[in-house]
Amino acid sequence: MSSKLIALVTGANKGLGFETSRQLAQNGIKVLMGARKEAKGRAAAEKLQSEGLDVGFILLDITKSEHIKHVKKYIEKHFGRLDILVNNAGMLHKEEPLVSNSVETISLKALRQTFDVNFFGTVELTQALLPLIKKSAAGRIVNVSSILGSLAYQSEESEKFKPFAYDASKTALNQFTIHLSAALRNTPIKVNSAHPGWVKTDMGGPDAPMDVTEGAKTAVKLATLGPKGPTGKFFHFDEEMPW
Ligand code: NAP
C-alpha cells in the first residue's frame, strides 16, 4: 500500500486535466491520469514524468462501463483505496457555437452526447469508485463544473452565452455534488463543484483571459482540502458561486 495520496484525474491528456494532474503531483500526490486515447494519454503522462512527477496513464473513456470497471479493479489491486477523484473530463458539443443560445436548434443527439460525458459518465465513474474512496482517511471528490451551469447566473438577463446542452449538463452535475455531499455528510469525504474560470484550452478558446496554471487552481484546492474544509459547495478560487 502506498503512503502517498492517490488521485485520479479524468480527461488528463490536455487542458485543465493535464495541468491539474501536474499541480497535484507537485504537491507530492501520486496521480493516475485518465485519458480516452491511449497515445495521447501516454504522451501526457510521459511529459509530466520527464518533469520528475509521480504520474501514470490509465485508459478511461468515462462513457464506457468496461473502462470504468477496469479502472476500479486496477486501483483496488494496486492501491486498495482512492483519496482524490477529480471529475474533469467534459465536452462542449460542436453544435453549440460560441456566444449563442442553442436551445431552439440543438439536436437531441448532441444533448444526449453532452449529458453522457458531463453527467452520466461522471456519475457512473464516481459511483463505481465510491467504495474505494470510502477506504481513504479523507476522500475528496471534485466535480469540474462551470458558472454557465448556475441557474442563478443564467437567469440574469445580461448573460448571453447559453450553450444549452453544456449548461444543463453542468447544472445536473452541480445537483450531483449537492446530493452526494449530503449522502456522505457523516463521512470524512468532501464533495464540491469547481468553476475554473474562463481558461485558454481547446474548449475555452484562445480569447479566454486565464491560462491553465491559474485555471487548475480551484480544482487542486478542493482536492486538497483539510478536514475543516467545506463540502457540498461550488467555488471559483475562494469565492463561493451561486447554484
Ligand atoms: P479540453 O481542453 O477540451 O479538455 C477536455 C478533456 O476531457 C480532454 O482530455 C478530453 O479528451 C476529455 N474528454 C472528453 N470526453 C471524454 C470522455 N468521454 N472520457 C474521458 N475523457 C473525455 O477542455 P478544458 O477546458 O480543459 O475542460 C476541462 C473541464 O473544465 C471540463 O469539464 C470543462 O467543462 C470545464 N470548464 C472549462 C472552462 C474553460 O474555460 N476552459 C470553463 C469552465 C469549465 P480528448 O482529448 O480525448 O477529447
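Whatever order the structure lists ligands and atoms in, that order sets their numbers, starting from 1.
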Minimum distance, heavy atoms only, to [atom]: which one of [options] is it?
atom	options	answer
atom 15 (N) of ligand 1	Glu19, His236, Lys200, Arg36	Arg36
atom 42 (C) of ligand 1	Pro196, Ser145, Ser146, Gly197	Gly197
atom 6 (C) of ligand 1	Gly15, Gly11, Gly204, Ala35	Gly11

Residue portion contacting ligand 1 (non-hydrogen atoms closer than 4.0 Å) for [X]:
X	result
Lys170	side chain
Val117	side chain
Tyr166	side chain
Leu60	backbone

Identity and distance of the protein heavy atom lying nearest [atom]:
atom	result
atom 37 (C) of ligand 1	Leu16 CD1, 3.7 Å
atom 10 (C) of ligand 1	Asn13 OD1, 4.3 Å
atom 28 (C) of ligand 1	Asn88 OD1, 3.2 Å
atom 19 (N) of ligand 1	Ile62 N, 3.0 Å
atom 21 (N) of ligand 1	Ala89 CB, 3.4 Å
atom 24 (P) of ligand 1	Thr201 OG1, 3.6 Å
atom 18 (N) of ligand 1	Asp61 OD1, 2.9 Å
atom 14 (C) of ligand 1	Gly90 O, 3.6 Å

I'd like to know if the side chain of [X] and the backbone of [Y] have a donor-acceptor N/O pair within less than 3.5 Å.
X	Y	value
Asn192	Lys233	yes
Ser107	Ala110	yes
Lys162	Gln154	yes
Glu96	Tyr166	yes
Thr171	Gly149	yes
Lys190	Pro227	yes
Arg140	Leu225	yes

Inset, instruction - For the residue pair Phe79 and Tyr74, categorise the inter-ring angle as parallel (less than 30°), tilted (30 to 60°) or perpendicular (more than 60°). - result: perpendicular
Min heavy-atom dist [X] to ligand 1 below 4.0 Å:
X	answer
Lys40	no
Val144	yes
Met91	no

Inset, instruction - Using ring pair (Phe, Tyr, Trp, His ring centres under 6.0 Å) as the criterion, point out the one residue from Tyr153, Phe176, Trp243 that pairs with Phe234. - result: Trp243
Inset, instruction - State the atoms of ligand 1, each with its element, that fall below the 4.0 Å cut-off from a heavy-atom position in Thr63. - result: 18 (N)
Legend entry - Trp198, any N or O under 3.5 Å of ligand 1 N or O: no
Inset, instruction - Kindly compute the distance separating CG (Leu173) from CZ (Phe120), expressed to the nearest 0.5 Å. - result: 12.0 Å
Show me the donor-acceptor pairs, under 3.5 Å and distance only, between side chains in residues 209-219 and residues at least two apart or in other chains.
unit_1	atom_1	unit_2	atom_2	d
Asp211	OD1	Thr213	N	3.2
Asp211	OD1	Glu214	N	3.1
Glu214	OE2	Lys217	NZ	2.6
Thr218	OG1	Phe237	N	2.8

Inset, instruction - Inspect the surroundings of CZ in Arg185 and state if more than 12 heavy atoms from other residues, nucleotides or ligands are less than 6.0 Å away. - result: yes
